[in-house]
Amino acid sequence: PARFWGTNLVAYALFEADKATIQRQAKRISAMGFNLVRLHHHDSGWVKPNIFARDSRRLRKESLDSLDWWIKCLSDEGIYVWLDLHVGRVFLEDDGIGGFGELPKGDGRGFNYVSPRITTLMNEFASAYLDRTNKHSGRTIANDPAIAMVQITNENDITHHFGTLMDPGSERPVHEALFRARIE
């Protein structure tokens with residue numbers, strides 16, 4: 001059995017603090033009694049910078065360094081980490097997604113359940129993100145005991161929120177057909 005008392009580190013807080021500030025914040029979070037921190041909105045398009053370089057497939061080295069430092073400092077304070085792999089990633093036209101124009105502002109939520117290309121891109125990111133070595137701890141993210149949880153996709157359902165985007169008559173013929181094929 002484990003009991004977690006958690007909080008979130010979100011968006012700009014993940015990338016704008018210097019190393020000394022991150023270290024102080026990890027100590028403060030621990031002193032407040034938290035033993036779990038969720039790193040959230042690292043990929044969202046409204047966060048500048050975020051985990052991605054200028055395109056949506058290469059990871060930004062400075063962002064990775066910041067996230068890795070957070071993970072190391074939190075771990076040093078006995079705090080576990082919850083990673084989100086997909087929250088608000090914005091796909092781009094040159095990502096090779098069939099029917100790209102049907103995605104609202106490049107948002108692939110919901111569409112990832114029917115589009116093999118979006119699934120491939122999400123898997124590509126997960127591998128690049130989790131299989132790399134954290135230079136501050138010397139461990140891969142996937143094998144770091146400080147990583148307690150990994151959420152594959154956040155608030156991304158094909159029922160209430162996003163499934164209706166592919167209903168017949170939604171004017172998204174490529175994804176309507178993919179959705180219908182999955183149903184059948």
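- Side-chain polar atoms of Thr120 and Asn123 form no donor-acceptor pair below 3.5 angstrom.
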Item to check | Derivation of the ring-ring contact (aromatic ring centres under 6.0 Å, His included) call for Phe4 and Tyr80 | outcome: CA-CA 9 Å; Phe4 294 106; Tyr80 290 95; 5.7 Å; yes
Item to check | Arg117 vs Asn112, side chain to side chain donor-acceptor pair (under 3.5 Å): CA-CA, chis, key distance, verdict | outcome: CA-CA 8 Å; Arg117 179 63 181 155; Asn112 61 292; over 6 Å; no
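- Taking the side chain as every heavy atom from C-beta outward, Ile158 and Phe179 approach each other to under 4.5 Å.
- Checking side-chain atoms of Asp18 against main-chain N and O of Ala20 turns up a donor-acceptor pair under 3.5 Å.
- Judged by distance alone, the side chain of Ser44 and the main-chain N or O of Val47 form no donor-acceptor pair under 3.5 Å.
- Side-chain contact check for His40 and Asn8: no donor-acceptor pair (N or O, by modelled atom type) lies under 3.5 Å.
- With Thr133 contributing its side chain and Gly138 its backbone, the two residues share no donor-acceptor pair below 3.5 Å.
- Using a cut-off of 4.0 Å between Lys/Arg side-chain N and Asp/Glu carboxylate O, Arg89 and Asp95 are scored as not salt-bridged.
- To the nearest 0.5 Å, the span separating OG on Ser115 from CZ on Phe91 amounts to 8.5 Å.
- The minimum heavy-atom distance linking Asn134 with Ile141 is given by the pair CB-CD1, 3.9 Å.
- Looking only at side-chain heavy atoms (C-beta outward), Leu14 and Leu9 come within less than 4.5 Å of each other.
- Salt-bridge check for Asp107 with Arg109: passed, with a basic side-chain N closer than 4.0 Å to an acidic carboxylate O.
- Interatomic distance, Arg180 CZ to Glu176 CD, rounded to the nearest 0.5 Å: 9.5 Å.
- Looking at every heavy atom in both residues, Thr7 comes nearest to Phe34 through CB-CE2, 3.7 Å.
- For the pair Arg58/Phe52, no side-chain contact is recorded, criterion being any heavy-atom separation below 4.5 Å from C-beta on.
- Looking only at distances, a side-chain donor or acceptor of Asp43 sits under 3.5 Å from a matching main-chain atom of Val87.
- Heavy-atom contacts from other residues, nucleotides or ligands closer than 6.0 Å to CD of Glu62 number more than 12.
- Checking side-chain atoms of Asp144 against main-chain N and O of Ser137 turns up no donor-acceptor pair under 3.5 Å.
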Checklist entry - For Asp167 and Ser170, what are the C-alpha separation, side-chain angles and deciding distance, and is it a side chain to side chain donor-acceptor pair (under 3.5 Å)? => result CA-CA 6 Å; Asp167 281 349; Ser170 67; over 6 Å; no
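- Relative orientation of the Trp69 and His136 rings is perpendicular, given thresholds of 30° and 60° on the angle between their planes.
- For the atom pair CD1 (Ile152) and CG (Leu83), the distance works out to 12.5 Å, reported to the nearest 0.5 Å.
- Ion pairing between Lys61 and Asp65 fails under the 4.0 Å rule for side-chain N and carboxylate O.
- Under the 4.5 Å side-chain contact rule for hydrophobic residues, Val81 and Leu85 share a cluster.
- Annotation for Glu93: atom CD does not count as buried by contact number, only 12 or fewer foreign heavy atoms lying within 6.0 Å.
- For Glu102 (side chain) and Val174 (main-chain N/O), a donor-acceptor pair under 3.5 Å exists by modelled atom type.
- Atom CD1 of Ile51 sits about 4.5 Å away from atom CG of Leu67, to the nearest 0.5 Å.
- Heavy atoms from other residues, nucleotides or ligands lying under 6.0 Å from CZ of Arg132 number more than 12.
- Residue-environment remark: CH2 (Trp46) exceeds the threshold of 12 foreign heavy atoms within 6.0 Å.
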Next on the checklist: Please determine whether ring-ring contact (aromatic ring centres under 6.0 Å, His included) holds for the pair Tyr113 and His175, giving the CA-CA distance in whole Å, both sets of side-chain angles, and the decisive distance to 0.1 Å.
Outcome noted: CA-CA 10 Å; Tyr113 296 108; His175 290 92; over 10 Å; no
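- Interatomic distance, CZ of Arg172 versus CZ of Phe111, reported as 4.5 Å (0.5 Å rounding).
- The minimum heavy-atom distance linking Pro104 with Leu165 is given by the pair CG-CD1, 4.2 Å.
- Under the 3.5 Å distance criterion, with hydrogens and angles disregarded, no donor-acceptor pair is assigned to the side chains of Trp70 and Asp68.
- At least one donor-acceptor pair closer than 3.5 Å links the side chain of Asn156 to the backbone N or O of Gly110.
- Contact of the Met149 side chain with the Arg38 side chain is not registered, since no non-hydrogen atoms from C-beta on lie closer than 4.5 Å.
- A distance of 13.5 Å separates OH in Tyr129 from CE in Met122, rounded to the nearest 0.5 Å.
- In this structure the side chain of His42 reaches within 4.5 angstrom of the side chain of Phe15, judged on heavy atoms.
- Counting only distance, with no hydrogens or angles, the side chain of Ser75 and the backbone of Ala146 share no donor-acceptor pair below 3.5 Å.
- Closest of all the heavy-atom pairs between Leu59 and Ala128 is CD1-CB, 3.9 Å.
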